[in-house]
Amino acid sequence: MKRILIFAAACALVSCAQTETATYRVTVEGQKADCPVAIEAPAWAESVVVKVDGEEIPSQLDKCLGEAAFVADITDQRDFVVTFSEKPSEVSYPSRVNAQMWWKTGDKENPYEERDTLFSFKDDMYRKLHHHGPAIESEMGAYRVYFDKKQSIDTYGKKNKQLELRRSMWYSTPEQIENEGFGHDNLRVFGSIGVGVLKGWDPEKGMIHITDFKRREARVLAKGPVRAIMEMEVEGWNYSGRELNMTSRYTIYAGHSDVVVENFIEGDYEGLTFVTGVMKMLDTKSIKEERAVAQIGADHPENDYDRWPKETVALAVALPEGVEILSAEDDKLSYLYQLTPNAEGEISYVFDMFWRKSTWLADLSDDELLTGVLAAAKEAAKPIVVERIQ
């Protein structure tokens, strides 16, 4: 009798947990493998379960953003049953993405301490962080953003579809490369745009870095299992005599090498110009369209030329419809678009990277890598329609 009463009490407690179930229809153009989906989550929710055709699929709840996220293969339309609960999840899905940021402690025994948030009131964080800022990765590629005035994006190619950064710490050893098929840093960004970062722009001086500001912060918002998110925020940025706040959010989904970039700008930004694009490299070949640019080139990723030979990398940026392009003036180091924020102070786009050594791209010629990365970025920039149908 006692066991029956305990079981009944447990069932009563479970039944009291608040839940909300709804069906969402996701509509895309054509076919999308691992299509990324994000839906608004109620503030009280502590977990989410997503089912398609009666089967549960991996998902995550990012309370800091008020969103649930998942990926799924979709052709034209597909329906998903989503259940939010105020009860914490007891399910752990295999992670297909990762995010990390490491503080240098100065302790020889424990040299690095993982942090999700770090800030400073001056430009002094670049050398205080391992790999110089936060990083995100999927099985297909990784990216870090420099915590300095340039805030450039650097790239890390994957030879095989696997997560590596927590072991390679960005700087893969020769043994990891030779014996475990690890990838590595494959780009030197110098003073260029890198790929997909948003900077200021002056028609006479060119790109404007973040030099005069009150406070800067780097954040890791999500680490998986289906999407990883990092942010860079600047407060009190003195840009052309105006004071702005700007948050740049970078999101990578499982099954993707492309990154969704959302820039949120506050303050007196009306009439100001911002710029993004892709860097130029040696032996560059490029395609520049009205709303997308791609280039392929080869250069040494590190100054140690003996250890690091030239790497062939293809980069692309695609601007969705609705992003206002003021001009498309390049400079000596980068292929660029000059942009202005929308009425809400936002500028969003997608960037991508293909690497010659990635096994799944091995059969492509350089021309095919170039057109492929351009097509992939443009495809990722297409809208995904999510509607609640019941």
Side-chain angles (χ1 to χ4, degrees), residues 17-99 136 138 219-231 247-256 258-264 318 320-323 342 344-350 379-390:
Q18 183 177 357
T19 62
E20 178 183 297
T21 300
T23 300
Y24 291 84
R25 177 163 295 160
V26 182
T27 303
V28 301
E29 183 180 322
Q31 296 181 333
K32 279 187 178 287
D34 282 320
C35 177
V37 181
I39 59 176
E40 185 177 353
W44 50 262
E46 295 294 332
S47 63
V48 64
V49 172
V50 178
K51 293 185 177 181
V52 58
D53 300 330
E55 297 292 329
E56 183 175 343
I57 62 173
S59 60
Q60 71 187 63
L61 179 66
D62 296 324
K63 286 185 67 65
C64 58
L65 298 177
E67 291 181 349
F70 57 93
V71 297
D73 296 341
I74 300 175
T75 300
D76 299 328
Q77 282 187 343
R78 203 169 187 188
D79 294 347
F80 300 85
V81 178
V82 180
T83 300
F84 293 103
S85 174
E86 65 177 357
K87 183 180 178 182
S89 176
E90 297 179 355
V91 178
S92 179
Y93 304 109
S95 190
R96 298 174 61 192
V97 295
N98 169 51
I136 53 175
S138 71
R219 293 187 288 264
V220 170
L221 294 187
K223 302 179 182 180
V226 297
R227 73 175 179 181
I229 306 172
M230 62 182 177
E231 281 188 345
T247 299
S248 298
R249 180 181 300 162
Y250 305 92
T251 303
I252 195 167
Y253 282 88
H256 289 253
D258 59 87
V259 173
V260 178
V261 185
E262 300 167 278
N263 298 286
F264 307 96
E321 294 293 331
V323 175
N342 64 17
E344 288 72 42
E346 299 175 8
I347 300 175
S348 298
Y349 46 85
V350 173
E379 179 65 24
K382 290 180 180 178
I384 298 168
V385 179
V386 183
E387 55 183 334
R388 180 170 174 168
I389 61 175
Q390 59 176 312

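Just so you know, these numbers come straight off a predicted model, no measurement behind them. Position 1 is the first residue of the sequence, and the numbers go up from there.
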List the residues meeting salt bridge (charged side-chain N to carboxylate O under 4.0 Å, His left out) with [X], not counting sequence neighbours, and say none if there are none.
| X | answer |
| --- | --- |
| Glu67 | Arg227 |
| Lys223 | Glu114, Asp116 |
| Asp79 | Arg25 |
| Glu20 | Arg388 |

- With sequence neighbours excluded, residues passing side-chain hydrogen bond (donor to acceptor under 3.5 Å, both in side chains) with Glu55: none

- What pairs meet the side-chain hydrogen bond (donor to acceptor under 3.5 Å, both in side chains) rule with one or both residues in residues 33-52, with sequence neighbours excluded?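 Non-adjacent pairs meeting side-chain hydrogen bond (donor to acceptor under 3.5 Å, both in side chains): Asp34-Arg96.
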
Grab the two heavy atoms, one from [X] and one from [Y], that are nearest each other, plus how far apart they are.
| X | Y | value |
| --- | --- | --- |
| Val97 | Ser95 | O-OG, 2.7 Å |
| Pro36 | Val71 | CA-CG1, 4.0 Å |
| Ala43 | Lys63 | O-NZ, 3.1 Å |
| Ala41 | Leu61 | CB-CD1, 3.6 Å |
| Ala99 | Ala222 | CB-O, 3.4 Å |
| Pro225 | Pro94 | CB-O, 3.6 Å |

Are any side-chain N or O atoms of [X] and backbone N or O atoms of [Y], one a donor and one an acceptor, separated by less than 3.5 Å?
| X | Y | result |
| --- | --- | --- |
| Ser138 | Ile252 | no |
| Lys32 | Glu379 | yes |
| Arg78 | Asp73 | yes |

- Query: Regarding Gln77 and Thr27, is there a side-chain donor-to-acceptor distance under 3.5 Å anywhere?
  - Reply: yes

Would you mind reporting whether [Y] and [X] have side-chain heavy atoms less than 4.5 Å apart?
| X | Y | result |
| --- | --- | --- |
| Val386 | Val37 | yes |
| Lys382 | Val28 | no |
| Val91 | Val49 | no |

Taking only residues two or more places apart in sequence or in another chain, which ones pass side-chain contact (heavy atoms from CB on, under 4.5 Å) with [X]?
| X | result |
| --- | --- |
| Glu344 | Asn342, Glu346 |
| Ala381 | Ala318, Pro320, Val350 |
| Ser59 | Val48, Val50, Phe70, Tyr93 |
| Thr247 | Arg219, Glu231, Glu233, Phe264 |

Distance (rounded to the nearest 0.5 Å) between [X] [atom1] and [Y] [atom2]:
| X | Y | atom1 | atom2 | result |
| --- | --- | --- | --- | --- |
| Ile57 | Phe80 | CD1 | CZ | 5.5 Å |
| Ile384 | Ile74 | CD1 | CD1 | 7.0 Å |
| Thr251 | Met230 | OG1 | CE | 9.5 Å |

- Residue Glu56 excluded, over 12 heavy atoms near CD under 6.0 Å: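 Yes - once you tally the heavy atoms of other residues, nucleotides and ligands closer than 6.0 Å, there are more than 12.
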
- For Tyr250, the ring-ring contact (aromatic ring centres under 6.0 Å, His included) test, sequence neighbours excluded, returns none

- Item | Partners meeting ring-ring contact (aromatic ring centres under 6.0 Å, His included) with Tyr24 (sequence neighbours left out) |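 For Tyr24, no residue satisfies ring-ring contact (aromatic ring centres under 6.0 Å, His included) once neighbours in sequence are set aside.
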
